[in-house]
Amino acid sequence: MISLRNVSRYYKAGERSVHALEDVSLAIAPHEFVAVVGPSGCGKSTLMHLIAGLDRPTAGEIVVDGLSLTTADDAALTNFRRRQLGLVFQFFNLLPTMNALENVSLPLLLQGIAPEEAAARAGELLRLVGLTNRASHFVHQLSGGEQQRTAIARALVHHPSLLIADEPTGNLDTASAERVIALLEQIAREQLTTLILVTHSAEVAAAAARQIELRDGRIINDRLLAVA
Ligand code: ADP
């Protein structure tokens, strides 16, 4: 369960204060699939960073699964991100010197999991995203869609209860984008993961069950969509 109450985030830009988010309140229930939409600069990334515990609000309260992200100390936030959160970005952020399997294994190795166990788990996740036959390919040998599916597999290594995808299709052609969105939707449904998808594409947002629209840092629309 995610709850934001009267959340604002202001940035100082010289003398000026930029109101990136202004008095945002919302609740997202477990297992919801929500698209956050709106034009560039409306506050989508700011909102995601706050929900991911990567940033703190100027005012208001954010609670995720009982943890107040507003008051939690840095160690608690790190722990929250590691245990509960999977992040997917527009630019995949894979390491080019590693193959797909190694990229997915890396977070597990960093956590001290034995290499064989990490590789086995990474292999399972690559199977889940349909990339078993690409496991030993390096990043430059993968298409954009395959790179994003590898990044999704990596985001799942800690069995997150919350998956946040920030413009995950921003760098993909239409066919790859559709496949990535279908995959995210399938994962969320099968693994009972809450999915928050940030996008400026109306087509991509239409896959979600609920759409939250931001404009100038405020929610101007929050509605349930008919299931396709
Ligand atoms: P979106 O993701 O919808 O494009 P952002 O959340 O990135 O929007 O930005 C919202 C507003 O806050 C914009 O006006 C942006 O310029 C401003 N902003 C974002 N990050 C910073 C920052 N670190 N410092 C100053 N202004 C920022």
Side-chain angles (χ1 to χ4, degrees), residues 2-28 32-64 68-72 74 77-78 80-81 84-94 144 147-148 151-152 155 160 162-174 176-177 180-181 184-185 188 194-225:
I2 300 166
S3 144
L4 280 80
R5 254 191 306 149
N6 308 111
V7 168
S8 296
R9 178 68 169 99
Y10 303 153
Y11 294 108
K12 269 220 153 15
E15 293 289 283
R16 274 186 348 114
S17 170
V18 178
H19 292 202
L21 276 187
E22 185 75 51
D23 198 23
V24 166
S25 296
L26 64 90
I28 297 174
E32 268 199 276
F33 176 9
V34 181
V36 175
V37 300
S40 183
C42 70
K44 303 184 298 295
S45 299
T46 300
L47 179 63
M48 286 313 106
H49 288 150
L50 290 171
I51 294 176
L54 293 165
D55 186 20
R56 292 177 198 264
T58 310
E61 165 123 273
I62 305 174
V63 178
V64 179
S68 166
L69 301 189
T70 316
T71 54
D74 288 347
L77 285 186
T78 303
F80 156 73
R81 285 199 299 273
Q84 271 153 284
L85 189 67
L87 285 173
V88 177
F89 307 96
Q90 177 174 356
F91 296 107
F92 323 135
N93 299 353
L94 299 170
Q147 290 184 41
Q148 190 57 299
I152 291 169
L162 171 61
L163 199 53
I164 294 180
D166 194 350
E167 298 282 5
T169 60
N171 225 25
L172 300 179
D173 61 75
T174 310
S176 303
V180 159
I181 296 303
L184 287 170
E185 195 274 333
T194 306
L195 174 59
I196 305 181
L197 175 66
V198 177
T199 181
H200 62 262
S201 154
E203 241 168 39
V204 168
R210 175 180 169 193
Q211 195 166 303
I212 295 173
E213 192 176 353
L214 291 176
R215 192 68 49 89
D216 297 330
R218 291 178 184 271
I219 295 179
I220 58 162
N221 209 341
D222 184 348
R223 62 197 175 101
L224 297 177
L225 303 179

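Whatever order the structure lists them in is the order used to number ligands and atoms, beginning at 1. Quick caveat, the model's predicted, so the values are computed rather than measured.
The protein residues lying under 4.0 angstrom from ligand 1, judged by non-hydrogen atoms, are Tyr11, Val18, Ala20, Pro39, Ser40, Gly41, Cys42, Gly43, Lys44, Ser45, Thr46.
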Evaluate Leu87 against Asn93 for side chain to side chain contact (heavy atoms under 4.5 Å, CB included), listing each step before the verdict.
CA-CA 11 Å; Leu87 285 173; Asn93 299 353; over 6 Å; no

Pair Ile181, Leu197 - check side chain to side chain contact (heavy atoms under 4.5 Å, CB included), show working.
CA-CA 9 Å; Ile181 296 303; Leu197 175 66; 4.0 Å; yes

Would you check, one step at a time, whether the test side chain to side chain contact (heavy atoms under 4.5 Å, CB included) holds for Asn221 with Val37?
CA-CA 10 Å; Asn221 209 341; Val37 300; over 6 Å; no

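Not counting sequence neighbours, the partners of Glu61 by the salt bridge (Lys or Arg N to Asp or Glu O under 4.0 Å) test are Arg5. Remark: Asp173 pairs with Ser176 by the side chain to side chain donor-acceptor pair (under 3.5 Å) rule, at least two apart or across chains. Residues satisfying the ring pair (Phe, Tyr, Trp, His ring centres under 6.0 Å) criterion with Phe80, sequence neighbours excluded, are absent altogether.
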